[in-house]
Amino acid sequence: MWWRVVLLCLAYWLLGAHFLRYSHTVAAAICLLAPALLFVKSAVGVRVLQIGLLIGAVLVWAKSGFEYVAMRQAMDAPWLRLAFIMGGVTLFTLLSAWSGNKLASNRNRGS
């Protein structure tokens, strides 16, 4: 069960690193502190984290991936490796969001 918590934390910290790279310190701080919702013994906290990761996967990783690949293609630069990396990061974020389902169901049962 602990690995689910680790996946959620890593996914949020990866999003935070992305925001910090572009000097969005408030968004980076939110991503850094978001996993603290896991201390709330309610399924609602886990669901909020899952929704945040779904939004991050689509609006941050997938959007950035499409933009970066299009930019590389326009410059006639190699782009396939970048597409695999961004796709992998997107899939990791989605997997992390999905892994929270078991955490939420256990909190609903009171375990």
Side-chain angles (χ1 to χ4, degrees):
M1 190 65 84
W2 61 270
W3 59 271
R4 296 176 193 277
V5 174
V6 170
L7 283 178
L8 283 169
C9 290
L10 286 176
Y12 267 102
W13 294 341
L14 192 60
L15 275 169
H18 175 80
F19 288 127
L20 195 58
R21 175 181 162 93
Y22 295 105
S23 299
H24 298 298
T25 52
V26 174
I30 290 170
C31 289
L32 177 69
L33 297 174
L37 279 175
L38 292 172
F39 289 115
V40 176
K41 296 295 181 185
S42 170
V44 174
V46 177
R47 295 298 183 200
V48 168
L49 289 174
Q50 287 179 299
I51 291 168
L53 285 178
L54 290 174
I55 291 169
V58 173
L59 295 181
V60 175
W61 297 126
K63 180 180 178 287
S64 296
F66 282 121
E67 289 174 358
Y68 298 156
V69 167
M71 185 179 2
R72 289 267 184 108
Q73 287 176 336
M75 294 186 310
D76 204 25
W79 57 270
L80 191 59
R81 182 176 58 177
L82 175 65
F84 279 121
I85 291 169
M86 294 304 290
V89 172
T90 304
L91 286 175
F92 171 74
T93 305
L94 291 172
L95 173 70
S96 299
W98 176 75
S99 73
N101 284 339
K102 186 72 170 176
L103 286 173
S105 68
N106 284 348
R107 289 173 189 228
N108 279 337
R109 280 187 269 143
S111 298

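The cluster map of Ile, Leu, Val, Met, Phe, Trp and Tyr, joined by side-chain heavy atoms under 4.5 Å apart, puts Phe66 and Val58 in different clusters. In this structure, Leu32 is a member of the same hydrophobic cluster as Tyr12, with clusters built from ILVMFWY side-chain heavy atoms closer than 4.5 Å. A continuous path of ILVMFWY side-chain contacts below 4.5 Å connects Leu10 to Leu49, so both sit in one hydrophobic cluster. Connection of Val26 to Leu33 is not established within any shared hydrophobic cluster, with ILVMFWY side chains joined at heavy-atom distances below 4.5 Å, either directly or through further cluster members. A chain of hydrophobic side-chain contacts below 4.5 Å, direct or via other Ile, Leu, Val, Met, Phe, Trp or Tyr residues, connects Trp79 to Met71.
Annotation for Thr90 and Ala62: closest pair OG1-N, 3.8 Å, computed over non-hydrogen atoms. Across every non-hydrogen atom of Ala11 and Leu53, the tightest pair is CB-CD2, 3.7 Å.
Note: Ser99 OG to Leu94 CG = 11.0 Å, rounded to the nearest 0.5 Å. Here CZ of Phe19 is found 6.0 Å from CG of Leu15. Values are rounded to the nearest 0.5 Å. Rounded to the nearest 0.5 Å, atoms CG (Asn106) and NZ (Lys41) are 10.5 Å apart.
In this structure the side chain of Cys31 never reaches within 4.5 angstrom of the side chain of Trp13, judged on heavy atoms. Proximity of Phe92 to Leu7: side-chain heavy atoms (C-beta onward) are separated by under 4.5 Å at one or more points. Put simply, the side chain of Met86 does not reach to within 4.5 Å of the side chain of Val69, judged on heavy atoms. Using a 4.5 Å heavy-atom cutoff, the side chains of Val46 and Leu37 are not in contact.
Within the structure, no pair that satisfies the salt bridge (Lys or Arg N to Asp or Glu O under 4.0 Å) test touches residues 68-95, not counting sequence neighbours. Among residue pairs with one or both ends in residues 45-69, those qualifying as side chain to side chain donor-acceptor pair (under 3.5 Å) are Tyr22-Tyr68, Arg47-Gln50, Arg47-Asn101, Gln50-Asn101, Trp61-Thr93, Lys63-Glu67; sequence neighbours excluded.
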